[in-house]
Amino acid sequence: MVDLARVQKELHECNRDVQVSGINVTLKGDSLTHLIGTIPGPVGTPYEGGTFKIDITLTDGYPFEPPKMKFATKVWHPNISSQSGAICLDILKDQWSPALTLKTALLSIQALLSAPEPDDPQDAVVAQQYLREHQTFVGTARYWTETFAKTSTLAADDKIQKLVEMGFPEAQVRSTLEANGWDENMALEKLLSS
């Protein structure tokens, strides 16, 4: 059984210094076991200026088992699947300890963005590009950050307007886009299936 008191304490801890760390965790829906973490792209990396959403699921074994985390925002990185968002990070697997928290896990993911480990890849194609064509990797990672991790107000308004013109209520469109990392296609799928 998930220790809900601990989760509430961790949420408070994560969000207490959001202005300093940029790290935020919110509920996805009304359950304390499905959360969305937000981390800023590290300065001096191709991810700088991006805001990355991490889908977090707490299993019944939490905190004795690691949280299940994957990127909801598409990211080009050797240790993150460009398809599914799966993360290759030891503390999310066999190196997890109950002494670790959601915030330390998110900080570790942010550090992974700064220091890729291409010799232990989650995405072999990205790892090969990182090792053999580093400038192409940096350009692609920057492009993906610009495309998927940055939301300009104009782009957001355009996406909202397009979906509203399809007949969906604006409030529902806005919340669905936010919940899907402003990915217009994913939001449209959710709107059509609801």
Side-chain angles (χ1 to χ4, degrees), residues 10 14 18 21-28 33-59 62-63 65-97 100-152 155 177-187 189-190:
E10 285 192 43
C14 280
V18 71
S21 69
I23 292 176
N24 180 27
V25 179
T26 57
L27 299 180
K28 184 172 184 176
T33 60
H34 198 183
L35 311 166
I36 294 287
T38 305
I39 59 172
V43 175
T45 71
Y47 313 104
E48 183 175 356
T51 301
F52 297 88
K53 296 203 178 298
I54 314 289
D55 188 273
I56 305 167
T57 303
L58 304 179
T59 63
Y62 185 80
E65 293 174 6
K68 294 189 183 311
M69 295 187 171
K70 68 178 185 172
F71 273 81
T73 306
K74 290 177 77 68
V75 62
W76 190 255
H77 188 284
N79 306 108
I80 301 157
S81 169
S82 59
Q83 301 298 309
S84 69
I87 304 165
C88 181
L89 183 62
D90 58 358
I91 66 158
L92 295 179
K93 295 184 176 91
D94 58 336
Q95 295 301 306
W96 176 259
S97 157
L100 298 173
T101 64
L102 295 172
K103 185 169 185 176
T104 55
L106 290 169
L107 285 167
S108 296
I109 292 169
Q110 187 182 41
L112 183 65
L113 289 177
S114 294
E117 296 186 24
D119 296 326
D120 185 22
Q122 176 70 36
D123 195 311
V125 172
V126 180
Q128 287 303 310
Q129 187 184 66
Y130 181 88
L131 292 168
R132 295 189 177 145
E133 302 171 46
H134 194 74
Q135 283 313 110
T136 304
F137 162 80
V138 170
T140 305
R142 268 199 197 111
Y143 175 78
W144 278 43
T145 299
E146 291 291 327
T147 303
F148 302 113
K150 290 186 177 180
T151 307
S152 72
L177 279 166
E178 286 172 358
N180 289 282
W182 292 91
D183 182 316
E184 198 174 341
N185 293 327
M186 284 177 58
E189 280 183 36
K190 294 279 195 247

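Within the 4.5 Å cutoff, side-chain heavy atoms of Leu113 are placed close to those of Ile80. Looking at Pro66 and Gln95, their side chains never come closer than 4.5 Å, going by heavy atoms from C-beta outward. Leu89 is listed as a side-chain neighbour of Ser108, based on a closest heavy-atom distance under 4.5 Å. Side-chain contact check for Ile23 versus Gln110: some heavy-atom pair is nearer than 4.5 Å. For the pair Tyr130/Pro121, no side-chain contact is recorded, criterion being any heavy-atom separation below 4.5 Å from C-beta on. Within the 4.5 Å cutoff, the side chain of Tyr62 has heavy atoms near those of the Trp96 side chain.
Here the NZ atom belonging to Lys53 is positioned 6.5 Å from the OG1 atom belonging to Thr26, to the nearest 0.5 angstrom. Separating the OG1 atom in Thr45 from the CZ atom in Arg142 is a distance of 8.5 Å, to the nearest 0.5 Å. To the nearest 0.5 Å, atoms CG (Asp90) and CD (Glu117) are separated by 7.5 Å. Leu107 contributes atom CG, which lies 8.5 Å from atom CD1 of Ile39 (distance to the nearest 0.5 angstrom). Between the NZ atom in Lys70 and the CD1 atom in Ile56 there is a gap of 12.5 Å [rounded to 0.5 Å]. Taken from CG in Leu131 to CG in Asp119, the straight-line distance is 6.0 Å, to the nearest 0.5 Å.
Residues Val126 and His77 approach most closely at CG1-C, 3.4 Å, considering heavy atoms. Of all the heavy atoms in Glu10 and Leu102, the pair that sits closest is OE1-N, 2.6 Å. Listed here is the closest heavy atom pair of Ser81 and Gln122: N-CG, 3.4 Å. Nearest heavy-atom pair across Pro67 and Leu92 is O-CD2, 4.0 Å. Nearest heavy atom pair, residue Pro118 against residue Ala127, reads O-CB, 3.7 Å. The minimum heavy-atom distance between Lys93 and Cys88, with the atom names listed, is NZ-CA, 3.4 Å.
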Assess whether side-chain contact (heavy atoms from CB on, under 4.5 Å) is satisfied between Leu112 and Asn79, documenting all intermediate values. CA-CA 8 Å; Leu112 183 65; Asn79 306 108; 3.6 Å; yes
task = Go through Val18 and Thr38 one step at a time and tell me if the side-chain contact (heavy atoms from CB on, under 4.5 Å) criterion holds.
result = CA-CA 10 Å; Val18 71; Thr38 305; over 6 Å; no
For this session: Please report the C-alpha distance between His34 and Asp55 in whole Å, then the side-chain angles of each, then the deciding distance to 0.1 Å, and finally whether the side-chain contact (heavy atoms from CB on, under 4.5 Å) criterion is met.
Result: CA-CA 8 Å; His34 198 183; Asp55 188 273; 3.0 Å; yes
>> As a quick check of understanding, evaluate side-chain contact (heavy atoms from CB on, under 4.5 Å) for Thr147 and Lys74, giving each step before the final call.
In response: CA-CA 9 Å; Thr147 303; Lys74 290 177 77 68; over 6 Å; no
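By the 30° and 60° cut-offs, the orientation of the rings of His134 relative to Phe137 is tilted. Ring pair Phe71/Phe52 is perpendicular by interplanar angle, where above 60° counts as perpendicular and below 30° as parallel.
A donor-acceptor pair under 3.5 Å is absent between the side-chain atoms of Thr145 and the main chain of Gly50, judged by distance alone. Side-chain atoms of Tyr47 come within 3.5 Å of backbone N or O of Trp76 as a donor-acceptor pair.
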